[in-house]
Amino acid sequence: MFQKNVLRDYELALFVSYVIETVELSKTYSGGVQALKGLNMKIKAGESVGFLGPNGAGKTTTIQILLNLIHPTSGEVYLFEEPMKGRARELLSRVGALVGEPGYYNNLTPNDLLEYICQSYRMDKRTTTLRIKEVLEEVRLSDVRFKKIGTFSTGMKRRLGIAQVLVHDPELIILDEPTLGLDPKGIREIRDIIKGINKEGKTIFLTSHNLTEAYEINQRFIFLDKGKLISDESIEKIESILGESIIEVEFYKDVSPDKIDLVRRISGVVDVKKDTNHSFILEYSGDKKTVHAILKEIVNLNLPIITFNPRHMTLEDYYLRLYSQNEGN
Amino acid sequence: MEQGSLLVEWKKDAYELWINLKFEFLKIRRSSKLLLAIGLAAVLPLLFYFIPLLSGGGFPDNAGDFISQNMNFVSLIIVFTAMLLAGDIINKEHSNKTALILYPLPQRRTNILISKYVVSLFSSWFALFIYYLFTAVSVALQYGFSEIPEEMIKSYLFAALYLSAVLSVAYFLSAWLKSPGASMTLTFFGVMIFLPITVRLLDIIGIDSSWIFTNYSTIITSIFRFPSGQFGVATAITEDEFYKAIKVVTTSAIIFFLAAFGLELNKEA
């Protein structure tokens, strides 16, 4: 605890402001399911962080704790450098959040809902009217301001969700799967809006299953698996990894582990990872000549090769590599 | 906590209560439920007035019997209104996922829950008032204004109290059960059938059932102290019985309300 305080004071001295900080955050549900296992993370003001992981990784649980919807079994949450315990109401007034796919009151209009939300954040009447107008323009819902939400499409409801997050001009924006269930046009619209918010310098904490989306929006990526943080990388680091080259190799029948070991020993091959039963991902270092040499060696080994596809690593490859490594551990 | 900061907290809570009362009222006003409850409360007395008038079937001989006939359906109006306005008031926020909008807002959940109860209570009292108002107007039209008994006010006040207890049951069930359909159904059948059956069974085996509030629904009509009429039974009640009824019904309303409160506040969502 002493060490932590010293660190926090030191960081404050450097004007590093943490908007979110979790310390050994754990959550075990009543059924015994351990959703979070000692999660430690810090998010700086102005950062745009992608909080990624497979289903059941603990993403939504973390968000629900951050929003005081559920309580942690142990550990602490700090928002804006203040402990959340006992001060949630005050601290959450600086946060805008869209959790999952919320429902809407079908008989109300966007104006009714946003007015109530502005009142919850204690905004005066003049600012409320102004902000509702601004924010509905931003999410392109101005023309349906007084129409019942029940008549809206899924995409319009999601845009209204974004408006609801932004209407009180929060410092921290938490978005949980903001494009889930949307068609490609809807996804593009929401993504563009979020990118716009990011440019305003607000802190964004976003969970998504869609890696492309996270990659487009965020500058930092926290990967979670089985309630634990398994990787925390900046976009620069991720981009350097994505520069790495791989070859997709497919065989028409099973290949024994001994043969795969021989492939692993080919000059230029860095690692071989099993993708499916018949296909493998070869990580290599070198140029086109190296690729040609690897192909020749595989043919010489008399392996039943049917596909050989050299390409750069994608974020999906990185994600799968990360989780397969974690599985191995 | 210092006195000053306590005052600030109270002001915050009062403000939150106010905005949530307005919001809940807006929600109920825009939904068809309040209209349905008021509609039923208005239509029933109108039917009892216009059907004899149009069919020539004739009215009861005196205002007392006419009122007695109308009051036989007060319990139904009460349960129907409570079921409609509070039977799904909490669990629907979860099943429709609107809780994901409400609960992350910087407000105490208690203020949201109190507002919900208060708005549904006042709305159902209003629907009940319409029933009494239309009954009184029917009496005035058929038997003369002077024939409207003073006991109607007393009956209304007791009916409103009884409605509070039924509403608390509905509120409790909506906090306890996940499915809005189940909580609404159980509100209706629980108050109309299960609790009266329990009372009867307890009486049979000689166990005191006077603590069950449904025992006292008949007081709504008994208050009129009319002799046995053409359409219903209305026996006079003693003052002691009346005050005991008030105590039991009030206590039940409070207990069910607090139980619902406790359940919802401890819910993780």
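Protein chains get the first letters and strands the later ones, always in sequence-line order, with residue 1 at the start of each.
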If you draw a 6.0 Å radius around [atom1] in [X], do more than 12 non-hydrogen atoms from other residues or ligands fall strictly inside?
| X | atom1 | answer |
| --- | --- | --- |
| B:Phe73 | CZ | no |
| B:Lys12 | NZ | yes |
| B:Ile153 | CD1 | no |
| B:Leu35 | CG | no |
| A:Tyr29 | OH | yes |
| A:Phe152 | CZ | yes |

Problem set entry | Neighbourhood of chain A inside residues 251-261 of chain B, taking heavy atoms under 4.5 Å as contact | none

Exercise. Can you list the residues that meet the salt bridge (charged side-chain N to carboxylate O under 4.0 Å, His left out) rule with A:Glu138, with sequence neighbours excluded?
Worked result: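 None.
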
Distance from [X] atom [atom1] to [Y] atom [atom2], nearest 0.5 Å?
| X | Y | atom1 | atom2 | result |
| --- | --- | --- | --- | --- |
| B:Leu26 | A:Thr109 | CG | OG1 | 8.0 Å |
| A:His71 | B:Asn266 | NE2 | CG | 8.5 Å |
| B:Leu102 | A:Tyr116 | CG | OH | 5.0 Å |
| A:Leu160 | B:Ile101 | CG | CD1 | 7.0 Å |

Where [X] and [Y] come nearest, the two heavy atoms and their spacing:
| X | Y | value |
| --- | --- | --- |
| B:Lys27 | A:Leu108 | CG-CD1, 4.0 Å |
| A:Leu69 | B:Tyr103 | CD2-CB, 3.5 Å |
| A:Ser120 | B:Pro106 | O-CG, 4.0 Å |
| B:Tyr15 | A:Gln119 | OH-O, 2.8 Å |
| B:Pro104 | A:Leu92 | O-CD1, 4.1 Å |

For this session: Determine whether B:Leu105 and A:His168 make a side-chain contact, defined as any pair of heavy atoms from C-beta on separated by less than 4.5 Å.
Result: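 They are not in side-chain contact.
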
Exercise. Do any of residues 48-60 of chain A come closer than 4.5 Å to chain B, heavy atom to heavy atom, and if so which ones, in number order?
Worked result: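 Answer by number: none.
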
Exercise. B:Phe23 vs A:Tyr105 aromatic rings, parallel, tilted or perpendicular, using cut-offs 30° and 60°?
Worked result: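 Answer is perpendicular, since the angle exceeds 60°.
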
Name the region of [X], side chain, backbone, both or neither, that has any atom closer than 4.5 Å to a heavy atom of chain A.
| X | answer |
| --- | --- |
| B:Lys22 | side chain |
| B:Asn111 | side chain |
| B:Arg108 | both |

Exercise. In terms of heavy-atom proximity below 4.5 Å to chain B, should A:Arg122 be classed as side chain, backbone, both, or neither?
Worked result: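 Contact with chain B involves both backbone and side-chain atoms of A:Arg122.
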
Problem set entry | Residues forming a ring-ring contact (aromatic ring centres under 6.0 Å, His included) with B:Phe25, sequence neighbours excluded | none

For this session: Would you please test B:Glu9 and A:Arg89 for salt bridge (charged side-chain N to carboxylate O under 4.0 Å, His left out) and show each step?
Result: CA-CA 11 Å; B:Glu9 287 298 306; A:Arg89 183 159 59 156; 2.7 Å; yes

